[in-house]
Amino acid sequence: MSQPVQPPNQPQQPYGQPVDGNPYAGGPGQGAPSAPTGNPYGQQPPAPAGNPYGQQPPAPSGNPFAGQQPGQGAPFGGAPHTPPPPARDNLLLGIGVAFGVAILAGILYGVIAGSIEREVGYAAVGVGFLVGFAASKVGGSNPAIVAASAVFSVGAVYLGQLVGISMVLADLAQIPFSEVVGDHFDTVTKAWSEEADFMTYLFLALGAIAAVGGSKKAR
C-alpha cells in the first residue's frame, strides 16, 4: 500500500521582510514596530535661527503702526488737537473795568504822593499798567478797550496828583481833607497848574504808555 504524498512545505518569509506590502509587519513573534526615528522625542521643531525666542515678526516697514495694540494712539499723534477758547470781546465790560480801576488806582497814587509829598514815576507806571491789564483781561483785546485804558490811565494819574496836592494843602492849612476837596477844589486845580512842570506831564504820558503795555500783557 502506498501512503499519500505530503504537500511540500510553503516557503517561509525571510525574517524582517515585509508581508503583503506592509513594511512594518514583523515576522512571527516580533513585537509592534517602533515609532519612526525622524523625531524620536515628539518635540516641536525648533524656532528659526533668526528668531530664537519665538517672538512675533516685526511689522513691515511700510506700516510702522501695524504692531500696535488696538486702542493705542499713534506715537506722534497724541490726543486730538483741542481748539483754543473763543477770544473774549466784551467792549462795555472792558471799558467799565478800566474806568473803575482807574479811579481806585488814582486815589491810591494820590495817597502815596501826598504822604511823601512828591510824585513817583514807578507809581504812575503801575497805575497805567494795572488799568490796561485789568480792562483787557476782562473785556478782551478790542482796540477800543486799549484806547480807553490809555485815556483813563492819564485821568487816573491826574486824579492822583490832585489828591496829593489836596493832602498837602490840608496839612498846611490844618483843615480836614474833605473840606479842601469840597470847598476849595478850585484852589487845588490852580495849584496844580502853577506847579506843573515837565515831570508832571511825563508822569501822565507814562501812565498811558503803561496802560497799552498792560493790555498787551493780558492777551
Side-chain angles (χ1 to χ4, degrees), residues 79 81-219:
H81 176 67
T82 303
R88 302 178 304 274
D89 191 6
N90 195 329
L91 179 61
L92 295 179
L93 182 60
I95 294 177
V97 170
F99 182 75
V101 174
I103 293 178
L104 295 178
I107 294 175
L108 179 61
Y109 173 68
V111 171
I112 295 175
S115 300
I116 62 177
E117 297 185 359
R118 60 178 300 180
E119 294 185 71
V120 181
Y122 291 108
V125 172
V127 168
F129 182 87
L130 183 61
V131 173
F133 183 85
S136 295
K137 195 70 174 179
V138 175
S141 58
N142 193 306
I145 295 178
V146 178
S149 300
V151 173
F152 290 152
S153 296
V154 173
V157 175
Y158 176 69
L159 175 62
Q161 293 173 348
L162 295 180
V163 171
I165 294 174
S166 299
M167 292 180 62
V168 173
L169 292 178
D171 186 59
L172 293 176
Q174 298 295 318
I175 58 178
F177 172 81
S178 58
E179 183 178 346
V180 173
V181 175
D183 299 337
H184 307 284
F185 189 73
D186 56 341
T187 305
V188 174
T189 56
K190 184 178 179 181
W192 182 89
S193 300
E194 294 176 354
E195 296 294 333
D197 56 5
F198 172 77
M199 296 300 297
T200 301
Y201 295 104
L202 177 62
F203 291 154
L204 297 175
L206 289 177
I209 295 172
V212 176
S215 298
K216 294 182 178 180
K217 192 70 174 179
R219 298 176 186 176

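Computed from a prediction, not measured in an experiment: that's the story for all the values here. Computed from heavy atoms alone, side chains included, the values below leave out hydrogens, waters and symmetry copies.
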All N/O donor-acceptor pairs, side-chain side in residues 165-176, below 3.5 Å, sequence neighbours left out:
unit_1, atom_1, unit_2, atom_2, d
Ser166, OG, Leu162, O, 2.8
Gln174, NE2, Asp171, O, 2.8

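Among residue pairs with one or both ends in residues 150-191, those qualifying as ring-ring contact (aromatic ring centres under 6.0 Å, His included) are Phe99-Phe152, Tyr158-Trp192; sequence neighbours excluded.
Taking all atoms of both residues into account, the shortest heavy-atom contact from Val212 to Ala150 is CG2-CB, 4.4 Å. Contact record, Gly94 with Ile145: CA-CD1, 4.0 Å, taken as the closest heavy-atom pair. In terms of heavy-atom proximity, Val163 sits nearest to Ile107 at CG1-O, 4.4 Å. Pairing each heavy atom of Ala144 with each of Leu91, the nearest pair is CB-CD1, 3.5 Å. Of all heavy-atom pairs between Ala102 and Val131, the closest is CA-CG2, 3.7 Å.
In this structure, Val138 and Asn90 have side chains that are not in contact, with every pair of non-hydrogen atoms separated by 4.5 Å or more. For the pair Val151 and Val154, the minimum side-chain heavy-atom distance is 4.5 Å or more.
The number of heavy-atom neighbours closer than 6.0 Å to CD of Glu195, taken from other residues, nucleotides and ligands shown, is 12 or below.
Under the 3.5 Å distance criterion, the side-chain polar atoms of Ser149 are left unmatched by any main-chain donor or acceptor of Ala98. Put simply, the side chain of Thr189 gets close to the backbone of Asp186: a donor and an acceptor are under 3.5 Å apart.
Atom CG in Leu108 sits 11.0 Å away from atom CG in Leu159 (nearest 0.5 Å). Interatomic distance, NZ of Lys217 versus OG of Ser136, reported as 13.5 Å (0.5 Å rounding).
By the side-chain contact (heavy atoms from CB on, under 4.5 Å) test, Phe203 pairs with Tyr109, Glu119, Ala124, Val157, Gln161, Met199, Leu206, sequence neighbours left out.
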Give the intermediate values and the outcome of side chain to side chain contact (heavy atoms under 4.5 Å, CB included) for residues Val180 and Val188. CA-CA 8 Å; Val180 173; Val188 174; 3.7 Å; yes
